[in-house]
Amino acid sequence: MSHEISSSRTLHRLIYASRQAFAADMNPDDEIDALIRASIRNNRAASITGLLLVHDGWFVQTLEGPAEAVMTTYQRILNDPRHRESRVVSAGPASGREFGDWNMCARRFSAADDAILDTLAQRQAFDPAKLTDRSALRLLKAVRGIQDRTALSA
Ligand SMILES: Cc1cc2nc3c(=O)[nH]c(=O)nc-3n(C[C@H](O)[C@H](O)[C@H](O)COP(=O)(O)O)c2cc1C
C-alpha cells in the first residue's frame, strides 16, 4: 500500500464557519431541508460524519472522515451559493470521530434544537467570527451532547 493511499484514509476533521446567503427568491427552510437530504445521502456514502449548526445567519459545520472524502465534500460545499465567506476554523488529522453520525441543529427542526439555540442566543456566546479550533469543537460537541441527552430522555 502506498503512503498516499494510507494517508488519504487517515481520519480528518474540518470545521468551517460561513454566512447564510439565501437569494431573495429562495425559501431558507426549503433550502435547508434540501441540503440536509443531500448531506444525509452523500455523507453516508462517503463515510462522513459531523454536525451542521444553523443559527443566527451562520453555518458552523464539522466534517469527519477519510481525508480525501472530507476535502472533496468541503470543496463541493464551498461552491454552494447558499453561503459565503466560508472560513476554515480548523482542519487536520484526528485521532477518532467525535461525531458518530451526521446530524444538524437548526431552529424549527426540533423543540430540543430550539432550546439549545435559545441558550446560545441568551449567552451571546455565539460569534463564529471569533471561533478558534478548540472553541469550535467545544461548541459543536456541547450541542451534540445536549441533543444526545434529550434523545435519551425523550
Ligand atoms: C452550509 C452547507 C452545508 C452543506 N453540507 C453538506 C454536506 O455535509 N454534505 C453534502 O453532501 N452536501 C452538503 N451541502 C450541499 C452541497 O453544497 C451540494 O448542494 C450537495 O452536496 C449536492 O448534492 P447532490 O449532487 O447529491 O445533489 C451543504 C451545503 C451548504 C450550503
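Here the structure is a predicted model, which is why all the values come from computation and not from measurement. Order of listing sets the numbers, starting from 1, for every ligand and every atom in it. Just so it is clear, the values below take in all heavy atoms, side chains as well, and ignore hydrogens, waters and symmetry mates.
- Looking at S90 and Y16, their side chains never bring a donor and an acceptor atom within 3.5 Å of each other.
- Within the 4.5 Å cutoff, the side chain of I15 has heavy atoms near those of the L137 side chain.
- The residues lining ligand 1, counting any heavy atom closer than 4.0 Å, are Y16, L35, A38, S39, R41, N42, N43, F59, Q61, L63, T73, R76, I77, D80, R82, H83, W102.
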In residues 44-57, what donor-acceptor pairs under 3.5 Å come from side-chain atoms, sequence neighbours left out?
residue, atom, partner, partner atom, Å
T49, OG1, E64, OE1, 3.3
T49, OG1, R97, NH1, 2.8
T49, OG1, F99, O, 2.8

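- In this structure, T62 OG1 and K141 NZ are separated by 11.0 Å, a value rounded to the nearest 0.5 Å.
- Between L35 and D80, every side-chain heavy-atom pair lies at or beyond the 4.5 Å cut-off.
- Across all their heavy atoms, C105 and D113 have their closest contact at CA-OD2, 3.2 Å.
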